[in-house]
Amino acid sequence: MSTTTTSTANRITVATTWLDGCSGCHMSFLDMDERLVDLAQQIDIVYSPLVDTKELPEQVDIGILEGSISSEDDLEKAKAFRKHCTLLISLGDCAVTGNVPAIRNHFKLSDVLDRAYRENVDLQPQIPTKSVPVLLTTVKPIHSEVEVDVFVPGCPPSADAIWYVLSELIAGRKPDPSQVTRFGA
Amino acid sequence: MSRTVTIEPVTRIEGHARITLQLGDAGQVEDAKFHLTQFRGFEKFCEGRPYREMPALTARTCGICPVSHLLASNKACDHLLSVSIPPTGEKLRRIMNLAQLTQSHALSFFHLSSPDLLMGWDSDPVSRNIFGVMRQEPALAKDGIRLRQIGQTIIEMLGGKKIHPTWVVPGGVNEPLSQEKRDAMLKLLPEALEIAKRTYAFFKTLVPKFKDEADHFGTMPTLFFSLVSPKGNLEHYDGFLRVKDAKGNILEDMVPPWEYERLIGEAVEDFSYMKFPYFKAQGYPKGIYRVGPLARLNNANACGTPYADVALAEFHMLQESGPIASSFHYHYARLVEIIYAIEMMERLLKDPTILDTRVRARARSNRYEGIGVAEAPRGTLMHHYRIDDDGLITWVNLIIATGHNNLAMNQSIRQVADAYVDGNNLQEGMLNRVEAVIRCYDPCLSCASHAFGQMPLAIELKDAAGHIVDTLTRG
Ligand code: SF4
């Protein structure tokens with residue numbers, strides 16, 4: 001996971017980001033603990049909320065998306081990841097099914113916004129619109145908008161599951177996460 | 001020519017945010033805003049769900065502090081049941097909360113903020129991250145990973161999972177602690193305490209080097225808001241609300257948490273999905289206050305555990321008198337709280353009643369309204385529910401720890417921008433300082449949007465007509 005510019009060209013590059021989720025899937029990634037140090041020998045994290053490199057590189061080997069698609073920003077990010085990443089992983093139930101964020105699909109978006117910014121408020125009730133992304137009326141899983149190569153369900157998938165998927169990919173094999181994951185767990 | 005500088009995404013924080021700086025003709029900062037760019041809508045979409053689903057559901061607001069939501073939600077449900085939970089059940093809940101405090105504070109200090117502190121604000125952004133720390137300071141990185149792992153492991157032993165555990169239920173916890181698990185947890189703690197003390201001692205040697213940052217990173221008079229124990233000591237699970245002013249006068253004390261609405265109002269601004277809570281008695285935006293580790297230590301008479309109390313005394317020496325004003329010292333306060341959490345877990349685990357099997361009170365809902373308040377790692381967390389006769393949720397209000405700090409975070413970025421940003425000669429390191437003051441607060445923005453940051457960074461300088469006159473990219 002070295003991010004130095006001196007890293008060798010044959011290292012696998014990985015980009016991650018979170019869309020509409022809770023960051024729990026990224027935390028589960030960090031729960032690989034001391035294995036992170038081994039992983040850092042084999043891959044370069046070239047873009048992620050955990051690092052300061054703020055531009056998604058032209059070409060990345062593995063892209064990992066957490067969370068569902070709830071806003072125009074999320075949609076743009078999902079498309080950018082698809083465009084620039086050779087292989088795209090949908091990580092966690094929010095990414096795979098819509099999970100908790102998609103519960104809001106049972107309500108009208110304006111009702112959901114009104115509750116937060118007009119009703120449960122003491123002063124200046126209004127819907128924020130400046131410098132914030134436009135919300136989509138329907139929250140969607142990643143694969144409904146862009147093609148996904150590997151699905152890793154779980155809320156969140158365990159660190160062992162993430163380790164397995166990455167190890168298989170590093171070894172040049174296609175992982176079968178169904179052995180190590182289950183929805184909701 | 002006035003210009004806007006946008007920093008996006010703010011990295012090494014949890015969640016989706018952008019910062020905009022308005023620069024005037026001479027390159028001076030005229031305005032600074034912190035925008036939360038995710039909205040989730042828990043307050044509405046929980047409607048119609050059985051209240052017993054709320055702990056597992058609302059825990060999904062945050063993967064870093066799910067235990068806080070689990071506890072605040074269950075406490076709101078305890079209130080709906082009108083039960084007082086068995087003492088051992090409460091102690092077990094406290095242990096899980098302290099384990100989370102340890103792992104979450106470790107994440108904030110080691111994984112997210114230590115790159116700035118060790119490598120410098122102006123160091124190469126390509127390696128200014130935890131993986132860079134692994135190479136440059138492997139022993140410290142290892143300590144951070146291990147400390148977080150110990151916290152997460154204790155959570156897993158209690159709740160079956162590191163992230164989004166269950167186990168805590170309305171009325172208590174659903175399984176007593178076994179002797180084997182108790183012993184296994186106790187075995188982990190001495191190593192954790194060693195790491196915490198070692199890190200604290202190391203950080204103290206760094207503090208003098210950051211005098212300038214300490215003077216400008218959100219150093220301002222505000223109120224401080226937190227729970228305290230009935231004795232006025234440090235408290236994270238229960239207790240009463242205390243509000244102190246910048247001079248150290250106690251304005252409100254021993255307020256039962258369910259009276260929170262008397263103290264706190266919420267305002268909305270058009271530029272952020274995060275609301276702006278304020279202290280009602282002083283109005284908006286004058287009623288600015290801070291929560292979290294800094295506020296808790298400023299408010300507490302004592303920690304109540306030996307090493308943490310020594311560290312608390314040293315914390316108060318950071319300033320000549322009064323509550324510590326600089327948000328830079330959130331880092332310091334966090335390390336003191338880790339020591340406290342480990343000492344307290346040990347005390348609770350050694351309590352002879354901790355293996356009692358009576359850990360849950362059973363009842364049906366007996367009220368229509370329930371309020372649960374706990375101290376999350378980032379500050380005071382409030383869950384407020386109403387239900388109907390069938391136990392279905394009809395209304396929800398959540399006030400999230402990070403939200404309380406919204407006014408303070410906005411003032412802080414302005415202060416840092418005034419001190420370090422020169423619009424005529426923009427440097428990446430200047431903008432990293434603006435982000436770094438946000439990292440002091442360790443915001444949890446997926447929570448705060450009941451809401452969550454991320455896109456290529458480009459700082460575009462636009463002229464008044466919106467034309468891009470210059471672009472600075474990082475990474
Ligand atoms: S799948 Fe679960 S852990 Fe992952 S982002 Fe969604 S709610 Fe969080």
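Protein chains get the first letters and strands the later ones, always in sequence-line order, with residue 1 at the start of each.
Under the side chain to side chain contact (heavy atoms under 4.5 Å, CB included) criterion, B:V268 pairs with A:Y117, A:V121, A:Q126, A:P128, B:K275, not counting sequence neighbours. Legend: residues meeting side chain to side chain donor-acceptor pair (under 3.5 Å) with B:Q282, ordered by chain and number and at least two apart, are absent.
Interface remark: B:R12 contributes backbone and side-chain atoms alike to the contact with chain A (heavy atom separation under 4.5 Å). Neither the backbone nor the side chain of B:T166 comes within contact range of chain A; no heavy atoms are under 4.5 Å apart. Neither the backbone nor the side chain of B:F276 comes within contact range of chain A, judged by heavy atoms closer than 4.5 Å. There is no contact between B:K33 and chain A, counting heavy-atom distances below 4.5 Å. Residue A:S131 touches chain B through both its backbone and its side chain, counting heavy-atom pairs closer than 4.5 Å. In this structure, chain B has heavy atoms under 4.5 Å from both the backbone and the side chain of A:S28.
The most heavy-atom pairs under 4.5 Å with chain B, out of A:I127, A:D111, A:L135, come from A:L135. Between chain A and the residues B:H111, B:M134, B:K162, B:R148, the largest count of heavy-atom pairs under 4.5 Å involves B:R148.
For the residue pair A:P101 and B:F45, the shortest heavy atom distance occurs at O-CE2, 4.5 Å. Across all their heavy atoms, B:R60 and A:C155 have their closest contact at NE-SG, 3.0 Å. Of all non-hydrogen atoms in A:V100 and B:F42, the two that sit nearest each other are CG1-CZ, 3.6 Å.
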Pairs of donor and acceptor atoms involving the side chains of residues 159-166 of chain A, under 3.5 Å and at least two apart or interchain, shall be tabulated with distances.
| unit_1 | atom_1 | unit_2 | atom_2 | d |
| --- | --- | --- | --- | --- |
| A:D160 | OD1 | A:R35 | NH1 | 3.1 |
| A:D160 | OD1 | A:R35 | NH2 | 3.0 |
| A:Y164 | OH | A:D176 | N | 3.1 |

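No more than 12 heavy atoms of other residues, nucleotides or ligands shown are found within 6.0 angstrom of NZ on B:K142.
The existence of a salt bridge linking A:D33 and B:R146 is excluded, since no basic side-chain nitrogen approaches an acidic carboxylate oxygen closer than 4.0 Å. Using a 4.0 Å cut-off between charged nitrogen and carboxylate oxygen, A:R115 and B:E47 count as a salt-bridge pair.
In this model, a donor atom of one side chain and an acceptor atom of the other lie less than 3.5 Å apart for B:Q152 and A:D31. Side-chain polar atoms of A:D52 and B:T11 form a donor-acceptor pair below 3.5 angstrom.
Listed by sequence position, the residues of residues 136-149 of chain A in contact with chain B number zero, using a 4.5 angstrom heavy-atom cutoff.
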